[in-house]
Amino acid sequence: MAVSKKMKNKLSLKKRPRLSSIMGCINGKPFLTEEDIEFIARNTAMDRDNVESQYQNFLTQHPDGRISRKSFHDMMKDCYPGTDTEKLEKHIFRMYDKNNDGHIDFREFMIVLYIMSSGTPEENLKQIFRVFDINNDGSISLKELKRIVKDLFHLINEENADQASQDVLATTAFSEMDENNDGLITQEEFIEACMRQKKFSTMLTLRIIDIFVAE
């Protein structure tokens with residue numbers, strides 16, 4: 001399936017996710033279960049020794065082995081000093097918090113970090129889909145899409161981003177993605193629209209990517 005050069009570069013190029021900055025270089029006191037080590041090694045390109053080393057670094061910044069919402073808020077503020085990140089950060093947090101327990105553990109963090117830096121375009125888009133799926137029901141409604149657009153524009157301080165232009169972007173992107181016109185966007189429809197370079201779908205997705213991927 002064809003994909004635009006810009007989208008391919010954003011989704012496939014080996015880049016350093018902004019939030020990877022929490023990884024320090026000081027030894028901690030690691031304790032990982034065999035299941036965690038095997039899962040991370042199986043789903044990334046890291047070997048066991050690398051997984052354990054990364055966990056030591058993770059514990060340096062997060063001694064209890066997980067990232068709280070407050071810690072995540074502080075990380076976002078560090079990435080975007082002087083900017084109000086509160087509205088959008090909960091959506092980005094949701095992408096990492098796969099089990100919806102209100103924390104990001106090392107396993108969740110490393111899988112997303114690896115996919116967003118080294119995954120295929122399809123794998124990246126599966127993660128980004130979680131940002132848009134606010135209620136985690138496996139689909140995106142027009143209401144959810146409008147909420148993301150509103151919060152996204154609030155973060156990036158887009159010029160001329162009045163309510164009317166936000167609604168037009170959300171509604172047009174939704175129409176592009178909702179292939180079967182059933183009022184909901186599935187993960188498959190979302191990926192298809194972005195991979196087929198549909199204008200507003202791609203525009204919106206690239207905006208999301210720019211939030212947490214450093215150039």
Side-chain angles (χ1 to χ4, degrees), residues 1-13 15 17 19 39 42-44 72 87-102 104-105 107-156 158 163 165-213:
M1 183 179 297
V3 59
S4 69
K5 182 178 180 181
K6 183 176 182 180
M7 175 66 87
K8 183 176 181 180
N9 287 342
K10 288 283 188 179
L11 291 174
S12 299
L13 190 62
K15 293 185 176 182
L19 300 183
F39 181 86
R42 186 170 61 250
N43 288 277
T44 70
F72 193 79
K87 289 184 179 296
L88 194 69
E89 69 188 39
K90 56 191 172 185
H91 303 308
I92 304 299
F93 186 93
R94 183 172 56 253
M95 185 180 73
Y96 286 86
D97 184 19
K98 190 71 177 291
N99 63 3
N100 302 312
D101 67 351
I104 302 170
D105 60 36
R107 175 163 155 172
E108 290 171 325
F109 180 79
M110 288 306 300
I111 294 301
V112 173
L113 182 66
Y114 176 78
I115 289 175
M116 296 310 297
S117 62
S118 303
T120 66
E122 290 86 351
E123 289 171 334
N124 276 257
L125 289 168
K126 285 180 180 179
Q127 295 297 327
I128 295 169
F129 178 84
R130 291 178 53 79
V131 175
F132 291 90
D133 182 15
I134 294 176
N135 64 1
N136 295 303
D137 67 351
S139 62
I140 304 169
S141 67
L142 179 57
K143 182 179 180 180
E144 287 175 316
L145 194 59
K146 286 184 176 180
R147 174 69 177 275
I148 294 295
V149 169
K150 179 181 178 181
D151 292 348
L152 175 60
F153 275 44
H154 180 80
L155 176 65
I156 63 179
E158 186 75 18
Q163 187 63 50
S165 61
Q166 292 179 32
D167 286 346
V168 168
L169 174 57
T171 303
T172 307
F174 190 88
S175 297
E176 289 179 347
M177 295 181 193
D178 185 17
E179 187 70 24
N180 63 1
N181 298 310
D182 67 347
L184 293 171
I185 301 167
T186 64
Q187 184 182 85
E188 292 74 19
E189 287 176 322
F190 175 79
I191 294 173
E192 177 81 5
C194 294
M195 295 295 287
R196 288 177 61 187
Q197 309 167 41
K198 292 189 175 182
K199 181 178 179 180
F200 290 94
S201 305
T202 301
M203 180 191 307
L204 190 54
T205 301
L206 290 175
R207 287 291 193 183
I208 293 292
I209 294 171
D210 284 340
I211 294 301
F212 59 92
V213 177

For Tyr114, all residues meeting side chain to side chain contact (heavy atoms under 4.5 Å, CB included), sequence neighbours excluded: Thr44, Ala45, Ser118

Contacts of type side-chain hydrogen bond (donor to acceptor under 3.5 Å, both in side chains), residue Glu89, not counting sequence neighbours: His73, Thr85

Set of side chain to side chain contact (heavy atoms under 4.5 Å, CB included) partners for Ile134, sequence neighbours left out: His91, Arg94, Glu144, Arg147, Ile148

Any residue meeting side chain to side chain contact (heavy atoms under 4.5 Å, CB included) with Lys126, in chain and number order, not counting sequence neighbours: Gln187, Ile191

Least distance between heavy atoms, Met177 atom then Ala193 atom: CG-CB, 3.7 Å

Set of ring-ring contact (aromatic ring centres under 6.0 Å, His included) partners for Phe200, sequence neighbours left out: none

For Arg130, salt bridge (Lys or Arg N to Asp or Glu O under 4.0 Å) partners two or more places apart: none

side-chain hydrogen bond (donor to acceptor under 3.5 Å, both in side chains) involving Ser139 - partner list, sequence neighbours excluded: Asp137

Which residues share a salt bridge (Lys or Arg N to Asp or Glu O under 4.0 Å) with Glu179, sequence neighbours left out: Lys198

Sequence neighbours excluded, every pair satisfying ring pair (Phe, Tyr, Trp, His ring centres under 6.0 Å) that has a member inside residues 115-139: Phe129-Phe190, Phe132-Phe190

By side-chain hydrogen bond (donor to acceptor under 3.5 Å, both in side chains) - contacts of Asn43 (at least two apart): none

For Asn181, all residues meeting side-chain hydrogen bond (donor to acceptor under 3.5 Å, both in side chains), sequence neighbours excluded: none

